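Positions are given from 1 along the sequence. Worth saying up front: this structure is predicted, and the values here are computed from it rather than measured. Basis for what follows: all heavy atoms, side chains included, without hydrogens, waters or symmetry-related copies.
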Amino acid sequence: MSDRKKVSLPALFKKVSEGKPITMLTCYDYPTAHFQEQAEVDMILVGDSLGMTMLGFDSTLPVTMDDMIRHAQAVRRGSPNAWLIGDMPYMSYQPSVETAIRSAGRFMAEASCDAIKLEGGAEMADRMAGIVAAGIPAMGHLGLTPQSAGALGGFKLQGKGALQAKKILDDAKALEEAGAFAILLELVPDRLCKLITERAENCFIIALGSGLDAHGQLLIYHDMFGLYPKFKPRMAKVYADAGNVIQEGLNQYVEEVTKRSFPKEENWFGMPDEEYEELMRLISE
Ligand code: KIV
């Protein structure tokens, strides 16, 4: 067990002011959270990407608040000290400021999260401001925002052209002014990410597939370890092909059970002769 201190917002801003990059990963379950806690990951996002990585949907849209709370609780049990961010699922904040505050409050009260994240720019600034006014730290998410992947033309680079890049830049300012403590830039060009990072005054910028010039980096855990079978995005680095290792283990298990070479004596427990004889006697009575 590590003896790390609980990560706080002042500690994160201190890291930023010292020019030290912030580490952030997605996480959806207890054992993975335990490993991330041991690695001292600064910020953990319980992403609604769990709809795809854990539940097998083709998008994040079917994910509910109850799904998110269940997973966030498990992650918190595995990682008591990381700065834990609950990702607001589809339609948990879009309908109104009040809906947004109530959903954000659930992450804090029911799953001991430290903050929430929501997708969208200037059009979501009032939701962001409402949540922050309720005392809940909130993170923005711009660029490729998976809940609007359909409207954005799929899971692809955003802000490549100057006009769209300007809109993302303005959206980042609107979120910062609404009180966001951080903004995630997913899949935008590196130069745009650098510009937004340089202009951020009261919030820090986390990049996902958006280059090196941000205050920190995020990766999707399942992409890092080859655990998502449907596709491997270019922005992800595979740190270890755990998916392959697991597949080989499963194939071997099926083969060994089929051939009766598993289990072996060290995998089971015996019964003393006298107890067995007594059992036989009892059965035959
Ligand atoms: O749900 C999620 O994991 C996210 C990432 C794609 C950033 O929002």
Side-chain angles (χ1 to χ4, degrees), residues 6-7 22-94 99-120 127 131 136-141 144-149 155 181-182 184 186 206 208 216-231 233 236 239 242-243 246:
K6 173 129 184 47
V7 177
I22 290 184
T23 55
M24 180 172 180
L25 288 175
T26 62
C27 185
Y28 320 104
D29 59 68
Y30 168 80
T32 309
H34 169 80
F35 292 133
Q36 293 194 15
E37 175 81 25
Q38 302 314 302
E40 305 208 351
V41 172
D42 294 315
M43 305 207 298
I44 291 182
L45 172 68
V46 184
D48 66 348
S49 51
L50 67 82
M52 299 168 79
T53 55
M54 301 294 287
L55 304 177
F57 293 117
D58 286 332
S59 78
T60 58
L61 303 191
V63 177
T64 65
M65 266 309 291
D66 286 345
D67 293 332
M68 294 303 300
I69 294 291
R70 190 69 157 171
H71 284 271
Q73 289 167 337
V75 172
R76 181 46 104 199
R77 286 191 284 270
S79 176
N81 295 310
W83 181 256
L84 184 63
I85 303 172
D87 201 11
M88 303 270 273
Y90 186 56
M91 286 302 143
S92 69
Y93 59 100
Q94 288 92 342
T99 315
I101 297 172
R102 286 194 188 286
S103 304
R106 283 195 65 191
F107 276 114
M108 309 299 280
E110 296 176 40
S112 304
C113 284
D114 297 302
I116 62 90
K117 172 175 87 57
L118 56 81
E119 298 181 9
R127 274 53 156 202
I131 292 167
I136 300 172
M139 180 174 191
H141 181 169
L144 171 58
T145 44
Q147 289 173 19
S148 2
F155 290 84
F181 75 87
L184 169 66
E186 179 173 355
I206 301 290
L208 171 59
Q217 295 290 328
L218 166 66
L219 266 185
I220 309 272
Y221 178 83
H222 280 54
D223 295 339
M224 282 179 81
F225 292 106
L227 294 172
Y228 187 61
K230 288 191 180 163
F231 61 81
Y239 280 80
I246 291 169

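- Without hydrogens or angle criteria, Ser103 side chain to Thr99 main chain gives a donor-acceptor distance under 3.5 Å.
- Every residue meeting the side chain to side chain donor-acceptor pair (under 3.5 Å) condition with Thr145, not counting sequence neighbours, appears here in chain and number order: Ser148.
- Two residues are said to be in side-chain contact when any heavy atoms from C-beta on lie closer than 4.5 Å; Lys117 and Met43 fail this criterion.
- Between the side chain of Arg76 and the backbone N or O of Ser112 there is at least one donor-acceptor pair closer than 3.5 Å.
- Annotation: the span from Ser92 atom OG to Arg127 atom CZ amounts to 11.0 Å, rounded to 0.5 Å.
- Taking all atoms of both residues into account, the shortest heavy-atom contact from Asp223 to Ala236 is CB-CB, 3.4 Å.
- Of all the heavy atoms in Pro146 and His141, the pair that sits closest is CD-CE1, 3.7 Å.
- Partners of Val7 by side chain to side chain contact (heavy atoms under 4.5 Å, CB included), not counting sequence neighbours, listed by chain and number: Arg4, Leu12, Trp83.
- Using a 4.5 Å heavy-atom threshold, the side chains of Ile85 and Met24 count as touching.
- Ile131 is listed as a side-chain neighbour of Leu118, based on a closest heavy-atom distance under 4.5 Å.
- The CD atom of Gln73 sits 10.5 Å away from the NE2 atom of His71 when rounded to the nearest 0.5 Å.
- The number of heavy atoms from other shown groups lying within 6.0 Å of CZ (Phe181) is above 12.
- With hydrogens and angles disregarded, a donor-acceptor distance shorter than 3.5 Å links the side chain of Tyr93 to the backbone of Glu119.
- In this structure, OG in Ser49 is found 10.0 Å from CG in Leu55, a value given to the nearest 0.5 Å.
- Nearest heavy atom pair, residue Phe155 against residue Leu144, reads CA-CD2, 3.8 Å.
- For the pair Ala72 and Leu84, the tightest heavy-atom approach, listed with the atom from each and the gap, is O-CD2, 4.0 Å.
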Per-pair distances, 0.1 Å, donor-acceptor, side chain in residues 63-70, under 3.5 Å, sequence neighbours excluded:
unit_1	atom_1	unit_2	atom_2	d
Thr64	OG1	Asp66	N	3.4
Thr64	OG1	Asp67	N	3.0
Thr64	OG1	Asp67	OD2	3.2
Asp66	OD1	Arg106	NH1	3.1
Asp66	OD1	Arg106	NH2	2.9
Asp67	OD2	Thr64	N	3.0

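- Judged by distance alone, the side chain of Glu37 and the main-chain N or O of Gly78 form no donor-acceptor pair under 3.5 Å.
- Under the side chain to side chain donor-acceptor pair (under 3.5 Å) criterion, Gln94 pairs with Gln147, sequence neighbours left out.
- The distance from atom NE2 of His34 to atom OG of Ser79, rounded to the nearest 0.5 Å, is 10.5 Å.
- Remark: Thr23 engages Val41, Asp42 in a side chain to side chain contact (heavy atoms under 4.5 Å, CB included) (not counting sequence neighbours).
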Using the rule given for side chain to side chain contact (heavy atoms under 4.5 Å, CB included), can you reason through Ile206 versus Leu184, listing the C-alpha separation, both sets of side-chain angles and the distance that settles it, and then say yes or no? CA-CA 5 Å; Ile206 301 290; Leu184 169 66; 4.0 Å; yes
Set out, in order, the CA-CA distance, both residues' side-chain angles and the distance that settles side chain to side chain contact (heavy atoms under 4.5 Å, CB included) for Tyr239 and Leu219, then state yes or no. CA-CA 11 Å; Tyr239 280 80; Leu219 266 185; 3.8 Å; yes
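- Remark: side-chain polar atoms of Asp48 are not paired, donor with acceptor, to backbone N or O of Asp87 under 3.5 angstrom.
- Within the 4.5 Å cutoff, no side-chain heavy atoms of Leu45 are placed close to those of Met139.
- Residues passing the side chain to side chain donor-acceptor pair (under 3.5 Å) test with Gln36: none are found, sequence neighbours excluded.
- Atoms CG and CG, from Asp114 and Asn81 in turn, are 10.0 Å apart once rounded to the nearest 0.5 Å.
- Using a 4.5 Å cut-off on side-chain heavy atoms (C-beta onward), Leu227 and Tyr221 make contact.
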Does Thr26 form a side chain to side chain contact (heavy atoms under 4.5 Å, CB included) with Thr53? I'd like the steps, not just the answer. CA-CA 11 Å; Thr26 62; Thr53 55; over 6 Å; no
